[in-house]
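A short write-up of the structure that comes next.
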There are 2 protein chains.
Amino acid sequence: MTQQKTTKAKAPSAQPVAVDLTAVLVAVADGRPLVMTIEDGWALPSGPFAVEHRSLQAGLRGWVERQTGHPLGYVEQLYTFADSDRRQGVEGAQAISISYLGLLQAQPSIVPLTGWRPWYDYFPWEDHRGGAPQLIAKTIAPELRRWAKSGETGARWNRAAIAFGLEGRGWNEELVLQRYELLYEAQLIAEAQQASRKGAAELGRPMIGDHRRILATGIARVRAKIKYNPVVFELMAPVFTMLQLQRCVEAIAGLDVHKPNFRRLIEQQQLVEETGESVTDTGGRPARAFRFRAAVREERAAAGTKLPLARS
Amino acid sequence: MTQQKTTKAKAPSAQPVAVDLTAVLVAVADGRPLVMTIEDGWALPSGPFAVEHRSLQAGLRGWVERQTGHPLGYVEQLYTFADSDRRQGVEGAQAISISYLGLLQAQPSIVPLTGWRPWYDYFPWEDHRGGAPQLIAKTIAPELRRWAKSGETGARWNRAAIAFGLEGRGWNEELVLQRYELLYEAQLIAEAQQASRKGAAELGRPMIGDHRRILATGIARVRAKIKYNPVVFELMAPVFTMLQLQRCVEAIAGLDVHKPNFRRLIEQQQLVEETGESVTDTGGRPARAFRFRAAVREERAAAGTKLPLARS
DNA sequence: CCTATATATTCTCGTTGTGAGTATAAAGCC
DNA sequence: GGCTTTATACTCACAACGAGAATATATAGG
C-alpha cells in the first residue's frame, strides 16, 4: 500500500477536467432513420456534467429534456473520448465527452432549430437499401484509391476495400465508424481540415466538432445491437404490422431483408403476439396487427435475439 | 444558436470533475485466466487523468507502466461511470472512472504487492469448466431465493434464474456483470454494505470501491469479444498448439469446448498456419505447432471470427 | 517387441439454421 | 369476375454445428 502511494506521489496528480454529455437519439419514421439535432442540424444535444447531477445518465436526461423537450426512454452508454481537436488551446483545460445512445419513437419537435433529421443526410454512403449507393463507386472509391496510392504500402487500399466492400468483398453494415474515420483520414470530409478539396460537399452534411464521429459510433451500435437484442421495439409504436417492423429494421441496418424469412425469425423467437386486429393500409390483403411480448424483454435482454442480417 | 445558448445559460454550468483511468489487464497462464492487480490484490491499476496526458489511452498506458512495469499491447475502452459510492462526501467533488481492457501475455511481476491473480478468485461462480460450480447450487441459489421472496413480484427470482441458469435454463457465460450486480443487490457480496451476513466470505475476494464491478465488466467484454474477433491471439505466445489455444479460450469463457469442433472452426477460418514443427509435450502423439496468420488480423478485426461458444 | 495409455487428428452423421424462391390468401378497384 | 397488391404459408437445398467414433503417433512399462 505504502509502496503504491509513494509511486503515485511522483506521478501526475489529479486535475479537474471538463466533462460533456452528448446524446445520439434515434427514431424511425416512414422507413427513415432519424437523429435528434440542435442548432439547425449542426450539433447533437449535449451539455456539461455538473455537480447537481446525481449520475451521468441523470445529467444526460436533464440536458436532453431541456434542449429538446423529449423525455428519454431506453438509454445506453456509447463511448468516452478526449476532445483532442475541439478545445485545443483553451489553456490547460482538458475536456472529455461521454456519449450516450437513446432510442425513441419520433414525435414532432417544438423547440426551434431543434428536431429530427434523417441520419443518411450525414452518411449518404450508409444506405444500401436497393443496392449500394452510386456515391461509393463514383466518388468514394476513386478518391480513396488516389489517397491509397499516396501511401507507401498497400495497407491503405486494403483497409478501404474492407470498409467499403470494394473488389467483390461484401458490405458490412456495422463498420460505420471505420468508414467515417477512413474518409476523415483521407481528408475527404468537411470536418477534416483542408477539406475544401473536391468531393467533400457530396460526402454528407457536416457537424460541429466531433459530433459526426459520435453519430457514427451511435449508428454502428444500433446496427450491431438490433441483431441480438430486442431493442427494435423501443422504436416502434405499441401496435404494428410485420412489414412496419421489417421496414424499421431495414432503415436502421440500411439493408433490404427477405420478407418471409424475416417473419419466420420473428415468429420462431416468439418476440410478438397478435392483437387480434388487422390493419387495412396501403391496399392489398390486410395485415395482422402485432404487439411486442413484454415478457420477452427481460429474458432477451440477456439471452439475445436474432435478426436476419448476418454476414455474407 | 442564440436560442441554445440562452437555454444553456439557465442550466448547470461546466464544473471541473476528477477523472480516473482504470485498467483491467488480462492474461492466461497454464489454463488460468489472470488479472493484474495492485495493492496486494485489492485494486486494479489506476490513476488520475492529467493535463500532460495527450489522450485517455496514453494516460492509461502511463499509469499501467508506472504501476506494474508492463508495457501494454491491445487496449480497448470498457465503460465510464460516476463513482457513486466511492468518493461520497469529498465535498462537491464529482469523480468519474474511465475503464479500459488490455490483453497481454503473462510475465512475472517485479513490483511488490503487484501481480497477476486468477480472476476466478474474485468470481468463483464464473468457472464452469467441468460443470457448474457447487457454490451456485449450495449457496447462491438458496440465498437468492430467500432474497427474491422478500420482494413483491416474482421478478427478482426470474432475474436470478436467468442470470445463473437456474431451473433448467442454460448458463450464459456473458452475463458476468448482471450476476455480480444481482449478488450485490441481494447484499450477498462483501462490497455491499451490510455484508457481514452469512455467505459473503464464500462469494469471492472483494476489492476496493467498485473495482470488482469494473473487473466483471472486463470479463464480460473479453468473453463476448473472443467469439467474433480474433483477440485470443493477443493472449497467446507466438507459437502454440491447438490444445493450448483451446485451453486459453476455455479459460476465458469458463466453459469446456469440444476438441474436434474447435479445431474445425479454427482451421475453416484459416486463422492459423502451421510452423512445420511439432511439440512433444505431455506424452501422447506430438502436436503440430501453429502461428497466427498476421494477414487475418486486419481483415477479421472488421469481419469477425467464430468460436464454438454459442448459446444452447 | 508388444501392449497399454495418452494425446492428436480426421471422419461421419444427424439436426438445425438460413437464404432464396414459389405458392396461396384476402383485400380493393375496374 | 378478373386484375393488382400486399400478406402469409410452404418448400428446398445447403451450410453450420454439436456429438461421438475412428484412426494416428508418440511414451512408458513389461
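Proteins come first, then strands; the chains are lettered A, B, ... in the order of their sequence lines, and each starts at number 1.
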**Study point:** Enclosure of B:Arg117 CZ (heavy-atom neighbours >12, cutoff 6.0 Å)
**Key:**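 For B:Arg117, atom CZ is crowded (more than 12 foreign heavy atoms under 6.0 Å).
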Review point. Under 6.0 Å from the CD atom of B:Glu167, do we count more than 12 heavy atoms belonging to anything else shown?
Key: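 More than 12 heavy atoms, drawn from other residues, nucleotides or ligands, come within 6.0 Å of this atom.
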Hey, what are the protein-to-nucleotides 8-11 of chain D N/O distances that come in under 3.5 Å?
residue, atom, partner, partner atom, Å
D:dT8, OP1, A:Arg288, N, 2.7
D:dT8, OP2, A:Arg263, NH1, 3.0
D:dT8, OP2, A:Arg263, NH2, 3.0
D:dT8, O5', A:Arg263, NH2, 2.9
D:dT8, O3', A:Arg288, NH2, 3.0
D:dA9, OP1, A:Arg288, NH2, 3.2

Practice item. For the helix from C:dC1-D:dG30 to C:dC30-D:dG1, measure the angle between the helix axis at one end and the axis at the other, each built from five pairs, rounding to 10°. Key: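 Here the local axes at opposite ends form an angle of 20°.
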Exercise for review: Report yes or no: is the cationic atom of B:Arg179 (NZ for Lys, CZ for Arg) under 6.0 Å from the centre of the six-membered ring of B:Trp171, at an angle within 45° of the ring normal?
Suggested key: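 Because its charged atom sits under 6.0 Å from the ring centre and within 45° of the axis, B:Arg179 does stack over B:Trp171.
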Spacing between [X] atom [atom1] and [N] atom [atom2], to the nearest angstrom:
X: B:Leu255; N: D:dG18; atom1: CG; atom2: P; value: 12 Å
X: B:Leu265; N: D:dA19; atom1: CG; atom2: C1'; value: 15 Å
X: A:Phe262; N: C:dG19; atom1: CZ; atom2: P; value: 13 Å
X: A:Asp256; N: C:dG19; atom1: CG; atom2: P; value: 14 Å
X: A:Gln244; N: D:dT6; atom1: CD; atom2: P; value: 14 Å
X: A:Phe240; N: D:dT6; atom1: CZ; atom2: P; value: 21 Å
X: B:Glu277; N: D:dA26; atom1: CD; atom2: P; value: 15 Å

Review point. Less than 4.5 Å apart, any side-chain heavy atom of A:Glu277 and any of A:Arg288?
Key: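 SC-SC contact between A:Glu277 and A:Arg288 ruled out.
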Exercise for review: Provide the closest heavy-atom pair for B:Ala29 versus B:Leu34 in the form atom of the first, atom of the second, distance.
Suggested key: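 In terms of heavy atoms, the two residues are closest at CB-CD1, 3.9 Å.
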Review point. Is it true that A:Glu174 and A:Arg221 have a side-chain N and a carboxylate O under 4.0 angstrom from each other?
Key: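 No, A:Glu174 and A:Arg221 are not salt-bridged.
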Review point. If you measure from the Lys or Arg side-chain nitrogens to the Asp or Glu carboxylate oxygens, is any gap between A:Asp127 and A:Arg129 under 4.0 Å?
Key: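 Yes, A:Asp127 and A:Arg129 are salt-bridged.
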Point to revise | Donor + acceptor pair across side chains of A:Tyr180, A:Gln178 (<3.5 Å) | key: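 Side-chain D/A pair, A:Tyr180 to A:Gln178: absent.
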**Study point:** From A:Thr139, A:Leu203, A:Val176, residue fulfilling side-chain contact (heavy atoms from CB on, under 4.5 Å) relative to A:Trp125
**Key:**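 Output: one option passes, namely A:Leu203.
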Check your understanding: Hey, which of these two, A:Thr280 or B:Gly284, hits DNA chain C nearer its 5' end, going by closest nucleotide?
Key ->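 Nearest-nucleotide comparison on DNA chain C picks B:Gly284.
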